[in-house]
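Every chain is numbered from 1, with letters handed out A, B, ... down the list of sequences. A quick note: this is a predicted structure, and the numbers were derived from the prediction, not measured.
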2 protein chains.
Amino acid sequence: MSKQVDGQIGTVAALVRSTFLVNAVYADSAREYGLTQQQGQLLCVLMAQPYGMSELGAVLRLAKSSLTGLVDRSERNGLVQRKPDPEDSRAVRVALTRQGAKLADEFYTETCRRIEELTSGFAAEERETLAALLGRVVMDNKVPTVFLEPGPTR
Amino acid sequence: MSKQVDGQIGTVAALVRSTFLVNAVYADSAREYGLTQQQGQLLCVLMAQPYGMSELGAVLRLAKSSLTGLVDRSERNGLVQRKPDPEDSRAVRVALTRQGAKLADEFYTETCRRIEELTSGFAAEERETLAALLGRVVMDNKVPTVFLEPGPTR
DNA sequence: GTAACAAAATTCGTGGGACGAACTACTGCC
DNA sequence: GGCAGTAGTTCGTCCCACGAATTTTGTTAC
């Protein structure tokens, strides 16, 4: 059943192991900016726009009580800011502070650089094929935008 | 510089977002077997063979003190076992218990199933291409075997 | 053979992360 | 006005991760 030519890795193992790799790179990068992986992820999500707590929970797949803590710590570190939602006084909008935006940008850029390096041995065409296929995985499974498209340095 | 056709995701974002997805699937699967993601990972690594603590730290990218705790908890739950290394009385070999092996197997199988489903919309050929490319990423970056090849149902 | 060094693990203390259950405050509806 | 539901927080619990310090054992050099 498993279509495995010798020396070649199966799809499942390839996905799991590359996930392990990307995770490690992401965490290392975060660490160098004084962030945990989760805090880095929060910043990256907020780069796109401010979110309410509930929305954020959905995007990051966190229980609301988990999120309160994460936002608390990030706020304490001056990276994000809770602002009252003008339309709903129960709700809150979480946004990057100026300092948070700056750090997010640096972290994001450096992380992109490192992730890109993982395919440094690839030809442009191969990289495109990989992007297309993984892109389909992402789309088919409705993965939220936890990471923006690399900026238009185009 | 970034070769991005409209509507298509870039390589970096595709890698990060699919990583997020696989992580979530892995964690969910673990949870249903009463495991944390880390404990699940430990079991999967030990499916291949027993390891010493230091080796294990290298494979899982954990500081030794982190590992002690993880193995402690897993041992307390009856999943793994520390045995003295016959060749080096400082060292320890961590292995699955019978119960741990059983659970590992179930968790592994179910996780494989779920991960495979992520590409359920793919043609066999596409899946192979993806596996080949991600396999190269894994090889080029020397990712340890944190997940076995799906079993030889041979 | 013993002193000096290196390696394998553990312990301890700290802080982050995740969750469910219970709670508060507000909205929206009838 | 009353009431169900929603947005967030609090609290208690456990897990995870780390560095620094420590213990025990192996190794090397003399």
Spacing of A/Lys64 atom NZ relative to D/dG8 atom C1', expressed in whole Å: 7 Å
Under the 3.5 Å rule, do the base of D/dT24 and the side chain of B/Arg90 count as making a donor-acceptor pair? no
Are the side chain of A/Ser120 and the backbone N or O of A/Glu116 linked by a donor-acceptor pair below 3.5 Å? no
Short N-O contact, A/Arg114 and A/Glu117, less than 4.0 angstrom: no
On DNA chain C, check which nucleotide each of A/Ala63 and B/Gly52 is closest to and give me the residue with the more 5' one. B/Gly52
Separation of atom CG in A/Asp72 from atom P in D/dC11, rounded to whole Å: 11 Å
If we ignore hydrogens and angles and just use 3.5 Å, is the side chain of A/Arg127 paired with the main-chain N or O of A/Thr119 as donor and acceptor? yes
Below 4.0 Å: OP1/OP2 of C/dT27 and any side-chain N or O of A/Ser89: yes
Nucleotide D/dT23, atom C1' - distance to CG of B/Asp88 in whole Å: 14 Å
When the distance from CD of B/Glu87 to C1' of D/dT25 is rounded to whole Å, what number comes out? 15 Å
Base, sugar-phosphate, or nothing: which does A/Leu62 touch, judged by heavy atoms less than 4.0 Å apart? sugar-phosphate
OP1 or OP2 of C/dG17 less than 4.0 angstrom from a side-chain nitrogen or oxygen of A/Arg73, does that happen here? yes
Measure from CG on A/Leu70 to P on D/dC15 and round the result to the nearest Å. 21 Å
Could you tell me whether the phosphate oxygens of D/dC15, OP1 or OP2, come under 4.0 Å of any side-chain nitrogen or oxygen in B/Gln37? no
Whole-Å distance, A/Leu67 CG to C/dG16 P, equals 16 Å
Any base atoms under 4.0 Å from A/Arg93, or only sugar-phosphate, or nothing? Heavy atoms, all strands. nothing
First of A/Arg31 and A/Glu55 reached from the 5' end of DNA chain D, by closest nucleotide: A/Glu55
Are any of B/Ser65's side-chain N or O atoms less than 4.0 Å away from OP1 or OP2 of D/dG19? no
With A/Leu21, which of B/Thr19, B/Val137, B/Val138, B/Leu15 fulfils side chain to side chain contact (heavy atoms under 4.5 Å, CB included)? B/Val137
Can you check whether B/Thr68 has a side-chain N or O nearer than 4.0 Å to OP1 or OP2 of C/dT10? yes
Any idea how B/Tyr26 and B/Phe107 line up, ring-wise: parallel (<30°), tilted (30 to 60°), or perpendicular (>60°)? perpendicular
side-chain N/O B/Thr36 vs D/dC15 OP1/OP2, d < 4.0 Å: no
Where the side chain of A/Arg76 is concerned, which of C/dT11, C/dC19, C/dG16 is the nearest nucleotide? C/dG16
Look only at the side chain of B/Tyr108 and the backbone of B/Leu148, and say whether a donor-acceptor pair between them is shorter than 3.5 Å. yes
Nucleotide C/dG16, atom P - distance to OH of A/Tyr33 in whole Å: 21 Å
Please confirm whether the shortest side-chain N or O distance from B/Ser54 to OP1 or OP2 of C/dA9 is below 4.0 Å. yes
Would you indicate which nucleotide in D/dG8, D/dC16, D/dC11 comes nearest to any side-chain atom of A/Ala91? D/dG8
With respect to the phosphate group of D/dC16, does any side-chain polar atom (N or O) of B/Gln39 fall under 4.0 Å of OP1 or OP2? yes
Distance, rounded to the nearest Å, where B/Met53 contributes CE and D/dT23 contributes P: 19 Å
